2 protein chains.
Amino acid sequence: MLKIETLRGFAAVARCGNLSDAAATLGRTPSAVSMMLKQLETHLGEPLFETDRKNRLTALGRFVLDHAERELHQFDTTVRAIEGYAKAVYGSVRIATVPSIAGTIMPQVMARHFGRFDEVDIELRDIDSNSILHEVLRNRVDIGIATIGQNRAGLHSQLLMTDAFGVVCAPSHPLAKEDGPIEWETLMTERIIANSLSESIDAIPSRDLHEASRLKAHNVASILGMVRANIGISLLPKMTILAFGSDALVFRPLADQTARRELHILRRADATLSPAARMLEERIRDTVASIMQDM
Amino acid sequence: MLKIETLRGFAAVARCGNLSDAAATLGRTPSAVSMMLKQLETHLGEPLFETDRKNRLTALGRFVLDHAERELHQFDTTVRAIEGYAKAVYGSVRIATVPSIAGTIMPQVMARHFGRFDEVDIELRDIDSNSILHEVLRNRVDIGIATIGQNRAGLHSQLLMTDAFGVVCAPSHPLAKEDGPIEWETLMTERIIANSLSESIDAIPSRDLHEASRLKAHNVASILGMVRANIGISLLPKMTILAFGSDALVFRPLADQTARRELHILRRADATLSPAARMLEERIRDTVASIMQDM
DNA sequence: CCTTAGTTTCAGTTTTTCTGAAATACCATT
DNA sequence: AATGGTATTTCAGAAAAACTGAAACTAAGG
C-alpha cells in the first residue's frame, strides 16, 4: 500500500537527481532508498526514472512527483496544525468575564500570554455573571469568570479569587477624610446606594444596611456617578473600583474581611478544554496569584 | 512521527464511536487499534477522547478529526490519481498523424479504445509529415505517425505500416474502363499530376514519369479536384483515397508493389511515453494489424 | 452488586524496514 | 575498446515496528 514516506523518498530522489544525496537528506542509507523506490515502481508497475542514475524522470515520474509534492506539503501542513494545536501554539479560546476582571486582570494575562502564543486567537467578552453562566453552558464560550449563585448543573467551577468589598465615596464626603478600614457601625448613618454586587454580602450588618437603603442601581457607571455627585456612598469590590474608578472617588476597605465577592472560573463539566484554552486558564491563575501576592 | 495510517485509525474510531467496530472496519484487532491510538495521544501529549469508551471527543480530538478527514480524503485522491495514471486509466495523450491516417485508422483506434479508458484525454491533430516531426521533437505531441525522410536525430521511429500507391482517375478516363493492377508502361502516355507523396516513390519508371510531369500539387483536395475534372491522373496511396476519395473517382492499384508509402510511428528518443500513451500506441498497432489482415 | 460489553496490557510473533558489504552497472576518459 | 571511479542494486542479517490472542481491567446498565 502506498505510504507517505515512500512519496517523500521518491520526491527527495527526484529533487536531488541522485540517490545518494537523497539518502543523505532523508537520513537513510542509499540502499534503503533504493529498495523503497523499487518497491514503489513495482507497486505502480512502471519505472519512474529513465535510467538508473536517477536524473531523468519518465512521464509517470513527473506526474508522481507533481502529485507527491503537493501531497507532502499538504500533509506536513496538517501535521503542523495538529501538533501546534496540541501544544497550544495554535488554537482559539473564547472567554467571558465580568467587566471588572476584563478591565483589570485580563490585560495583565494578555501581556504575559503574548509573544509566546501569538498564533492563539483569543476572544474576550465582558458581560454580567448570569449571562456568563448561560454562555458557558451553551458552549458559546470556553472559559467564564463570574460570581456564581447556586445554578451550577453541568458546570465545572473553581474559586479563582475573592475581592474584598470596600466603601466608595466622593472626596468631599466625611469618610474620605480618614484612612484605614471601616467598621459596619460607621456606615449605619450613611446613605447607601445598593447594587447587585453589594446585595450578595452575607454579613448581618450589611443586610440591615441594604434593607434600609432607598436607592439601588445596577450599572456601575451610574452608581459611581451618583457617588461622585455625593448622593450617597456605595459598597463595591476593589477590582471594580480599580477598573472603573477615577481620581474623583475615594475607596476605603471594610474592616470585615469576610465581605468578599467570590469569582469562579467556569467551564462545561462535560467537555475538555482545548490545549490553548487550558494554557490560557493556567495563565489566568498564575496572573491572579502573582497579583494577590503584590497586594 | 505522525503517519497517515494513524490518522486513518483515529478517524475510524472517532466515526464509529467505539474501538471494536473501528477495528473491524480497519481489518485489525481492537488491541492493535488501541495501541495505535495510545501512541497518537502520547505523541500529541493530550487525550483525544473524553472517556475510554471512545464516544466523545475532546476539543483536540475534534480538531484532529477535522484535519485528519480532510487529509485522508486528499491523500486517497492523490493515490488514486497516481495509480490510475500508472495503469493508464487516467492521463492524456497528444497525437499527430498525417491526414489520411487521421481519417481512416484513428477512428477505428478510438472505437476500440473507448469504453475501457474513458478517462484518458486524447488530443488528435492531423498535419503534414514534416510538421509532425517537429512537433514530436519539440515535445508538443507524444506520438506522431508520419512518413519520415532521414531527419531522425533525437527521434525514436518504428515502421507502423506501408500503404501501396495506386492510380486515381476520373470514371470517364480510359484507365477506368479496365480493372486490376497497372504496369508503369501503361502510364507513360498519361498526363500525371505529381504530388509530394508520389514524388517519394523510388522506382525508376516513377522518377521518369515525375520528371516529365508538368503539373504538381500539394493539397490532396485540389489534386482530387483536378483528377475529377479529368485534367490528368495521379498517384496516391490507397489510404489517402479511402480517406478523401469519393464515388466520382476510380482507384486502381499499381502492379509494382514496391511503390509504397512508409508510415512510421514516432516519439522522442529521450523520453518514455506515459502509460496512457503507451497503451494508445499499442492499440494503434493492434488496429493496424487487424486492418492489414482484413485486406 | 453483578454482568456484560468494551478497552487496555502484556508477551510473543510476524512483518516491515534498515544496514553494511559485496556485486554490479554506468559514464567519462583515455 | 579498456579502465577507473562513482553510483546503484542486491543480499543476508539486524533492528524496529506493528500485530495478535489471551488475560486483566473498567465502566455502564440492570
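Per chain, numbering begins at 1; letters A, B, ... match sequence-line order. Heavy-atom basis, side chains included; hydrogens, waters and symmetry copies ignored. This structure is a prediction, so every number in the text was calculated from the model and none was measured.
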Review point. Less than 4.0 Å between a side-chain N and a carboxylate O, is that true for A:E135 and A:R125?
Key: yes
Which protein N or O atoms sit under 3.5 Å from an N or O of nucleotides 23-27 of chain C?
from: C:dC26; atom 1: O2; to: A:R53; atom 2: NH2; distance (Å): 2.7

Residues passing the side-chain hydrogen bond (donor to acceptor under 3.5 Å, both in side chains) test with A:E5, sequence neighbours excluded, are A:R8
Those residues at least two apart in sequence (or on a different chain) that pass salt bridge (charged side-chain N to carboxylate O under 4.0 Å, His left out) with A:R80 are none
Note: contacts of residues 28-40 of chain B with DNA chain D (heavy atom, under 4.0 Å) are B:R28, B:T29, B:S31, B:A32, B:M35, B:Q39
Between CZ of B:R56 and P of C:dT7 the distance, given in whole Å, is 15 Å
Side chain to side chain contact (heavy atoms under 4.5 Å, CB included) with A:I284: of A:T97, A:I95, A:I101, only one passes, and it is A:I95
| B:R70 CZ: over 12 foreign heavy atoms closer than 6.0 Å | yes
In whole angstroms, the gap separating C1' of C:dT17 from CD of A:E5 amounts to 12 Å
Contacted region of DNA chain D by chain B, from 5' end to 3' end of the hits, cut-off under 4.0 Å to heavy atoms, spans D:dA18 to D:dA27
Here the gap from B:E46 atom CD to A:I82 atom CD1, rounded to the nearest 0.5 Å, amounts to 13.5 Å
Salt bridge present between B:R207 and B:D202 (N-O < 4.0 angstrom):
yes
From NZ of B:K54 across to P of C:dG6 the rounded distance in Å is 14 Å
A:N18 and A:R53, any side-chain heavy atoms less than 4.5 Å apart
no
Sequence neighbours excluded, the answer for salt bridge (charged side-chain N to carboxylate O under 4.0 Å, His left out) partners of A:R267 is A:E281
_Contact between A:F10 and A:L57 at the side-chain level, heavy atoms closer than 4.5 Å - yes or no?_
yes
